[in-house]
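Read the structure below first, then the notes.
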Amino acid sequence: MSSPSPSPAEHAQTYLPERFALVLGGGGLKGFAHIGLLRAFEERGIKPALVAGTSIGALIAAAYASGMPVDDMERRALALTKKDLFRIDRLHMVTKRMLSPSLYLPGPLDALVRDIVPRVTFRDLKIPLLINTVDLERGAQVIWGLPGMQDVLVSDAVYASCALPGFFPPRVIAGRTCVDGGVMDNLPNAIAVQGMDAVIGVDVGSSSLATARRIKDKGFAAIYMRAAQTMMKSLQVSQLATWAGPPLLLVRPAVWHYNWFSFASTRRMIDAGYAAAHDALDRAGDSLASAGGVYPRRTIELSVDRPRCVGCTLCVTLAPDLMAMDADNKAIVLESPLEWSRADGDFIHQCPTDAIQVAVMEGDVRTLTMERKVEPE
């Protein structure tokens, strides 16, 4: 069943330049939200001049660039099960022990990719495609699809971009040992700016982390994934805070509370991507005609819950232009209200007692937001 389709009259006018790039970030199965976003784009008649992706974002970007209909993407996503993707490599874990290349066999992931992505090179695609990977031996980012990097199979690049180290074995492509591009850049907006007037970046797993309760009791794989997510988030926040490219429309579907490998929430994640795309586009207005910056922007109000504040001063260290300490060694806000994008305000989540609060101002309505989200057990 497809996502509901509002009539065009319900949507605000949005300016989109003729040449804009669509960048789909990694995030495990949360990336199914990308399918909902593509559905929204299809309804609005929006077509990017270039698509790029990391991990599951690379898989969906490649399917789109290859001409796969959104209906087919949705059908395949809803039918996917755990056994279609994860099969423990028991033989190598027993015979090679610490030298086993991965926890899971490469076959299921490889079969999934080859079933979705045609056996073509980047030169064969009608829509330019960039796939973000990392060369483990060189410790360097490798972007397949760039000039001089196009004569390889798209399916090999996509497999590598999905191969989270430790979970799936690397893929050797043109002599390079490549793995998941999220190791260095989970939402690779910067690789897609050449010749583009704007970028639309879809973040499904980098910048918003829900609290993971009792993580220490959930085993090696869960602990490793949590550490990887935390690293990706830190890198992404830094990159967004220093964004110096063309205007960037940041779409962040509400999927942070889902597990990265939840097969039970596919429909809801697709719908979340659909809703987030329409919301971001409705709010964008003519912002993508600007010289730069991250959008959409909202008016927010900062405040401090004084009883919760323990005076650790971390907020002042991270945001000295906005926060200070008073005579009672309690944090205070120096400036409010503010115009913020979703790329702003990460220091709030670093507060150990959640003492800093944000309210989004919509006309006369004040809505408290940025509460601490908790992943389901």
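Computed over heavy atoms, backbone and side chain alike; hydrogens, waters and symmetry mates excluded. Positions are given from 1, in the same order as the sequence printed here.
Just one of Ile191, Val51, Val142, Val158 meets the side-chain contact (heavy atoms from CB on, under 4.5 Å) condition when paired with Ile131; it is Val158. For the side-chain contact (heavy atoms from CB on, under 4.5 Å) criterion with Ser155, the lone passing option out of Ile116, Val117, Val120 is Val117. If you run side-chain hydrogen bond (donor to acceptor under 3.5 Å, both in side chains) between His278 and each of Arg283, Arg39, Arg44, only Arg44 comes through. When each of Leu50, Leu38, Val199 is tested with Leu22 by the rule side-chain contact (heavy atoms from CB on, under 4.5 Å), just one qualifies, namely Leu38.
Environment of CZ in Arg123: crowded, with over 12 heavy atoms of neighbouring residues, nucleotides or ligands closer than 6.0 Å. The number of heavy atoms from other shown groups lying within 6.0 Å of CD (Glu339) is above 12.
The aromatic rings of Phe86 and Phe261 lie perpendicular to each other, with more than 60° between the two planes, well past the 30° mark.
Defined by atom type and a distance below 3.5 Å, a donor-acceptor pair is missing between the side-chain atoms of Tyr15 and Ser287. Between the side chains of Gln150 and Thr121, no donor-acceptor pair is found at a separation under 3.5 Å. Looking only at atom types and distance, the side chain of Gln141 has a donor-acceptor partner in the side chain of Asn132 under 3.5 Å away.
Remark: the backbone N or O of Pro246 is paired with a side-chain donor or acceptor of Trp243 at under 3.5 angstrom. When atom types are taken as modelled, the side chain of His34 and the backbone of Gly25 share a donor-acceptor pair closer than 3.5 angstrom.
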task: Dump the intermediate steps for salt bridge (charged side-chain N to carboxylate O under 4.0 Å, His left out) on Asp279 and Arg342, then the final yes or no.
output: CA-CA 13 Å; Asp279 179 68; Arg342 291 185 174 94; 3.4 Å; yes
task: Step by step, work out the salt bridge (charged side-chain N to carboxylate O under 4.0 Å, His left out) result for Asp156 and Arg171.
output: CA-CA 7 Å; Asp156 280 341; Arg171 173 62 49 86; 2.9 Å; yes
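Taking a cutoff of 4.0 Å between a charged side-chain nitrogen and a carboxylate oxygen, Glu74 and Arg267 qualify as a salt bridge. Salt bridge status for Asp135 with Arg176: present, with a side-chain N to carboxylate O gap under 4.0 Å. We find that Arg306 and Asp326 are joined by a salt bridge, their nearest charged nitrogen and carboxylate oxygen being less than 4.0 Å apart.
No chain of hydrophobic side-chain contacts below 4.5 Å, direct or via other Ile, Leu, Val, Met, Phe, Trp or Tyr residues, connects Val310 to Leu318. Leu105 and Leu85 fall into different hydrophobic clusters, where Ile, Leu, Val, Met, Phe, Trp and Tyr are joined by side-chain heavy atoms under 4.5 Å apart, directly or via other members.
Residue Gly145 comes nearest to Leu130 through the heavy atom pair C-CD2, 3.5 Å, listed as atom of the first residue, atom of the second, then distance.
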